[in-house]
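So the structure is just underneath, and the comments pick up after that.
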Amino acid sequence: MSFSALGLCDELLKAVAEQGYTVASPIQVEAIPAVLSQRDVMAVAQTGTGKTAGFTLPVLQLLSVGLRAQPKGVRALIITPTRELAAQVAKSVKDYSQRMNVRSGAAFGGVRIEPQISQLADGLDVLVATPGRLIDLYNQQAINFAQLEILVLDEADRMLDLGFINDILHIQSLLPTKLQSLMFSATFTKDITSLAKGMLTNPLIIEVAAPNSTVDRVTQKIYAVDKARKSELLIHLIKKYDWRQALVFTRTKQGADSLVTQLEKAGISAASIHANRTQHARTLALDGFKSGNVKVLVATDIASRGIDVNQLPCVVNVDFPYVPEDYVHRIGRTGRAGNAGLAISLFSEDETKQLQAIERLIGRKLEREIIAAFAPTAKSSTNKANHNTAPHKKTSINTLDDDEYGNFEADPQPRNSRGKPQGRGKRASDATGHKRRY
Ligand code: AMP
């Protein structure tokens, strides 16, 4: 469906055309008219579906009428779980509102608060913020919510995962009761349902695609290899297939840094992005990756959320994630906005349990393959891993010389959707028992 059929004004239609969007994505087709009708909305939508424009465009249109923001006032508040996502959504707001008389800004931790206080001094029509910094700003009386008309909670599931529930409830208690509220979440679990009940009034529920649709557009390959040889195999793959750009995941911050050192030693430009790095360092790394100066960006799960690089061709899991849902989030960085993508995972025998959990979540078995020069020494255990995963099926490991993989292009055909993710448990701490707070 074209954007003009959705009731958007000319200024926004021009902005959308400038972004190169010709047709509205399914979430946009549903969400834009619903938000314009000033209803509360609960939308189940993953990153990569075009959800940001789905709420930003109609919110901007609603703000084009009414009183301008008063000093320290905010008319629309968009809350995101991570800094990167806040910066990215704020950029979209600026891009789409170029022709409108709209003042917008972002507020997130890790950078000085003073410039954020000054930008709020005259009031903002749209503020995109992470929960912690928003509360700091409120405590410092830099912001008031008296004028607030619209609240957007983006990636609500992730907010819960990262332990933000109390912050969200606290923020909610500060807001006016008469408010249009929109909630976006990749999953629709019990916890999300109860959060939605407390925050939304008679919401329109939008669920346009199977939550795993991104996964279905991504070709997934699993290479069995000894743990100690994972970096070597990654370097081999990058060089052999001359990947233009790859987003690589490790489980730990130390793992990310050590991998960057090894890649650099091998002559591959790389940078890391994780919670121990300053916001400035993270921004530099992400910008370098986006501009093509950095070929490989190595990220941990928390830092990766919300990274949106146009048409990212390839994602590599050097380590499997602690929780299976993170696998879906990780590989959702490729295969976005209708493009095909490639996700490669380097599997070592000790990760059998994680792989099985992922297979259960996505409802699909993932074939392990072996590159001859990197065949794992513990073959029998790997076979056992296969057997455990599909006890009724005869399973095999394809042993291939990687010359047979001369072309790492993603499968252009979307795969069949099979199975939805199961409800995810509340997770406020990682496997080390530390609270995951961004
Ligand atoms: P999001 O799900 O909001 O993170 O968007 C994912 C990507 O899709 C972003 O790079 C957007 O710029 C892009 N996008 C959003 N809407 C459209 C559209 N209607 N057509 C093409 N690309 C889009």
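Atoms within a ligand are numbered from 1 in the order they appear, just like the ligands themselves.
- Checked against a 3.5 angstrom limit, the closest N/O atoms of Gly50 and ligand 1 fall inside it.
- Distances from atom 21 (C) of ligand 1 to the heavy atoms of Tyr21, Phe3, Phe55, Phe184 show the closest one on Tyr21.
- The backbone of Val23, and not its side chain, has at least one atom closer than 4.0 Å to an atom of ligand 1 (non-hydrogen atoms only; backbone = N, CA, C, O).
- Atoms of ligand 1 lying under 4.0 Å from any heavy atom of Thr52, numbered from 1 in the order shown and given with element: 1 (P), 3 (O), 4 (O).
- A salt bridge does not link Lys72 with Asp122: none of the charged nitrogens is closer than 4.0 Å to a carboxylate oxygen.
- The nearest pair of heavy atoms linking Trp243 to Leu234 is CZ3-CD1, 4.5 Å.
- Of the heavy atoms in Gln28, only side-chain atoms (C-beta onward) come closer than 4.0 Å to ligand 1.
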**OP:** For Leu153 and Phe184, run side chain to side chain contact (heavy atoms under 4.5 Å, CB included): C-alpha distance rounded to whole Å, both residues' side-chain angles, the deciding distance at 0.1 Å, then the answer.
**Re:** CA-CA 6 Å; Leu153 207 58; Phe184 288 77; over 6 Å; no

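- Results of the side-chain hydrogen bond (donor to acceptor under 3.5 Å, both in side chains) test with Asn317 over Arg330, Arg251, Lys230, Gln220 single out Arg330 as the only residue that passes.
- Residues passing the side-chain contact (heavy atoms from CB on, under 4.5 Å) test with Ala69, sequence neighbours excluded: Arg75, Arg103, Asp125, Gln147.
- Numbered from 1 in the order shown, with element, the atoms of ligand 1 that lie under 4.0 Å from a heavy atom of Ser25 read 19 (N).
- Close approach of ligand 1 to Thr49 (heavy-atom distance below 4.0 Å) involves ligand atoms 2 (O).
- Listed by chain and number, the residues in a side-chain contact (heavy atoms from CB on, under 4.5 Å) with Gln180 are Val35, Gln38, Asp40, Leu62, Ile150, Leu182 (sequence neighbours excluded).
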